Amino acid sequence: MLDITFIRSNREIVKQGMLNKGEPTADAVDEVIKKDETWRQLVTEIGTLRAESNSRAREIGILMGQGKKEEAQNLIRETGEVKEKIKELEKSLDVIQKERDTLLYQIPNVPDESVPVGKTDEDNVVFSAWGEPLQQEWRLPHWELASEKNWLDFERGSKVAGAGFPFYVGALARLQRSLINFFLNEAVLHGFTEIQPPYFVNEDSARGTGQIPDKEDMMYTVPGDGFFAIPTAEVPVTNFHRDEIIEMKDMPVYYCAYTPCWRREAGSYGADVRGLNRLHQFDKVELVKFVHPDESDGELERLREYAESLLQKLDLPYRTLLMCTGDMGFTQTKKYDLEVWSPGQKRWLEVSSCSNFGSFQARRMQLRFRNEKGKTEILHTLNGSGLALPRVVASILETYQTESGDLKIPEVLIPFMGTDRV
RNA sequence: GGAGAGAUGGCUGAGUGGUCGAAAGCGCUCCCCUGCUAAGGGAGUAUACUCCAAAAGGGUAUCGAGGGUUCGAAUCCCUCUCUCUCCGCCA
């Protein structure tokens with residue numbers, strides 16, 4: 001949610017940003033400003049009437065205290081009219097406010113100036129690249145190697161849960177656990193505080209990070225309890241401080257969390273969903289930052305660099321994309337995607353997405369800090385994957401496989417795996 | 001799941017229909033005094049919205065949340081949420 005005051009004084013910028021993000025029109029901006037004007041008028045009017053009603057009530061109290069019942073009765077009679085008027089206006093205010101807020105929720109965050117304007121993923125910019133993508137023809141896609149080794153069981157996954165819920169078996173299960181440990185250890189070394197969040201959240205939390213209204217279809221729900229299965233740890237971790245004021249001395253706040261993630265992924269098909277490319281449940285280590293508004297630009301770059309360093313330590317070639325306005329999503333001001341090379345499929349796989357949300361999420365959540373002057377101020381949030389597991393696993397299976405059909409273990413994972421080859 | 005108790009400002013904790021946004025204490029900030037790592041005195045110290053060009057300053061709302069009664073509610077009524085205690089169940 002954008003600040004209505006910001007929208008009022010930056011009408012054209014907000015409109016342009018909305019169009020750049022691919023919204024068909026930016027009419028909501030004009031409408032919300034109009035609604036807000038009416039809203040403010042009503043608030044002022046109601047305030048005045050309430051002031052009057054309050055002062056009369058106080059007078060009545062004093063008269064009663066002095067035993068002047070007659071005079072008090074007169075005043076009480078007169079007050080009825082004001083009360084009626086207030087009730088009436090309050091009803092209108094309620095309606096207007098709902099209309100205003102609905103519009104407000106429809107206006108996306110404004111892209112940063114450094115973000116390229118574009119419509120689709122074709123317009124994303126390759127920001128950087130690292131490593132030499134392997135091209136040998138003998139490399140098998142990860143699902144073939146995994147099948148030969150009995151490491152992945154999609155059939156039983158379907159039987160037990162459904163499509164997109166595979167079992168990881170034996171060495172591959174251990175490899176995932178090793179990656180989780182590696183990622184968490186690295187994050188803690190870089191100053192992130194490790195937390196284990198709930199895997200289900202309530203509606204308020206889903207709204208706080210912007211999953212609703214808009215993207216509730218992406219989440220699994222728990223019937224009867226009103227819970228959503230988290231689509232990413234971002235949801236519970238960012239909501240950790242919802243409705244709180246963080247002291248300046250405690251800023252910036254960095255968290256990392258490992259969780260499974262559940263996504264319905266309605267409408268996905270084809271090669272996209274082969275093997276580990278796209279699942280309904282996957283593991284991820286997520287990084288979340290709460291920072292001073294002046295710092296968020298730099299913090300995004302450091303977040304990106306940190307995520308990249310993980311791929312470098314695993315020695316997996318990757319490239320970093322700077323997402324264009326049309327492909328970046330509703331809530332972000334700027335976003336990088338990290339894509340790892342999949343030599344068995346000869347394609348890039350997204351394994352991390354690092355985003356700056358500015359004050360957009362924080363405002364919804366009333367997530368504030370006490371600034372230098374002791375005033376409360378909405379802070380900025382960022383998050384990034386560090387990293388999403390299945391595609392990293394896929395890339396490892398394809399990058400580290402030998403021509404004889406074994407799998408070498410990336411050096412940094414050997415301590416966790418207890419072996420250098422499986 | 002059953003029974004009971006409770007939810008007040010950064011914290012502790014008063015307040016059961018009338019100048020209560022809320023006593024007092026603690027903490028914190030500033031000032032004064034004090035020649036010493038103590039003590040004393042004074043002032044200040046919630047959040048959101050809104051009016052005003054802005055500052056100063058007004059106004060409104062908020063005592064877990066929502067609704068109700070009333071001229072007036074932290075205080076009465078209803079619903080919900082959460083916390084604690086005891087019992088049951090349990091990884």
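Quick caveat, the model's predicted, so the values are computed rather than measured. The chains referred to below are lettered A, B, ... by the order of the sequence lines, with proteins before strands, and numbering in each begins at 1.
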Please classify the nucleic acid contact of [X] as base, sugar-phosphate, or nothing, using heavy-atom distances under 4.0 Å.
X     : value
A:G47 : sugar-phosphate
A:L75 : nothing
A:S53 : nothing

Identity of whatever pairs with [N] - Watson-Crick or G-U, under 3.5 angstrom:
N     : value
B:G17 : none
B:U69 : none
B:U34 : none

For [N] and [M], measure between their [atom1] atoms and round to the nearest Å.
N     : M     : atom1 : answer
B:U47 : B:G42 : C1'   : 27 Å
B:G2  : B:G88 : P     : 15 Å
B:A7  : B:G13 : P     : 10 Å
B:U45 : B:C71 : P     : 35 Å
B:A48 : B:C63 : C1'   : 16 Å
B:C30 : B:C82 : C1'   : 39 Å
B:G15 : B:A74 : C1'   : 8 Å
B:U62 : B:U8  : C1'   : 12 Å

Protein and nucleotides 50-58 of chain B: nitrogen or oxygen contacts under 3.5 angstrom:
residue	atom	partner	partner atom	Å
B:U50	O2'	A:T44	OG1	3.2
B:C51	OP1	A:R40	NE	3.3

Hey, is NZ on A:K15 packed in by over 12 heavy atoms from elsewhere, all under 6.0 Å?
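It does: A:K15 NZ has more than 12 such atoms within range.
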Of all the choices, [options], which nucleotide is nearest to the side chain of [X] once you look at every atom?
X      : options             : result
A:R58  : B:U19, B:C71, B:A61 : B:U19
A:M64  : B:C71, B:A48, B:U60 : B:C71
A:I245 : B:A61, B:U47, B:G18 : B:U47

If the cut-off is 4.0 Å, is [X] near the phosphate of [N], judged by side-chain N/O to OP1 or OP2?
X      : N     : value
A:R368 : B:A48 : yes
A:N74  : B:C71 : no
A:R370 : B:U47 : yes

Nearest-nucleotide comparison on RNA chain B, the residue closer to the 5′ end among A:I62 and A:Q366
A:I62
Would you kindly compare A:I46 and A:A57 by the position of their nearest RNA chain B nucleotide and give the one closer to the 5′ end?
A:A57
Please list, one pair per line, the donor and acceptor atoms closer than 3.5 Å that link side chains of residues 55-62 of chain A to other protein atoms, with sequence neighbours excluded.
residue	atom	partner	partner atom	Å
A:S55	OG	A:E52	O	3.0
A:R56	NH1	A:E78	O	3.3
A:R56	NH2	A:E52	OE2	3.0

First locate atom CG of A:D204, then atom CG of A:N202, and finally report the distance between them rounded to the nearest 0.5 Å.
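Rounded to the nearest 0.5 Å, the CG-CG separation comes to 5.0 Å.
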Would you mind writing out the side-chain donor-acceptor pairs for residues 70-77 of chain A within the sub-3.5 Å range, not counting sequence neighbours?
residue	atom	partner	partner atom	Å
A:N74	OD1	A:R77	NH1	3.2

Less than 4.5 Å apart, side chain to side chain, heavy atoms only: is that true for A:L310 and A:L316?
no
Could you state the atom-to-atom distance from CD of A:E244 to P of B:U47 in whole Å?
15 Å
Sort and list the pairs that fulfil side chain to side chain donor-acceptor pair (under 3.5 Å) and have at least one residue in residues 406-421 of chain A, not counting sequence neighbours.
A:K149-A:D406
Who are the salt bridge (Lys or Arg N to Asp or Glu O under 4.0 Å) partners of A:E299, not counting sequence neighbours?
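For A:E299, the residues satisfying salt bridge (Lys or Arg N to Asp or Glu O under 4.0 Å) (neighbours in sequence not counted) are A:K289, A:R302.
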Quick one: ring-ring contact (aromatic ring centres under 6.0 Å, His included) partners of A:W348, sequence neighbours excluded?
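Partners of A:W348 by the ring-ring contact (aromatic ring centres under 6.0 Å, His included) criterion, ordered by chain and then number, come out as A:W341.
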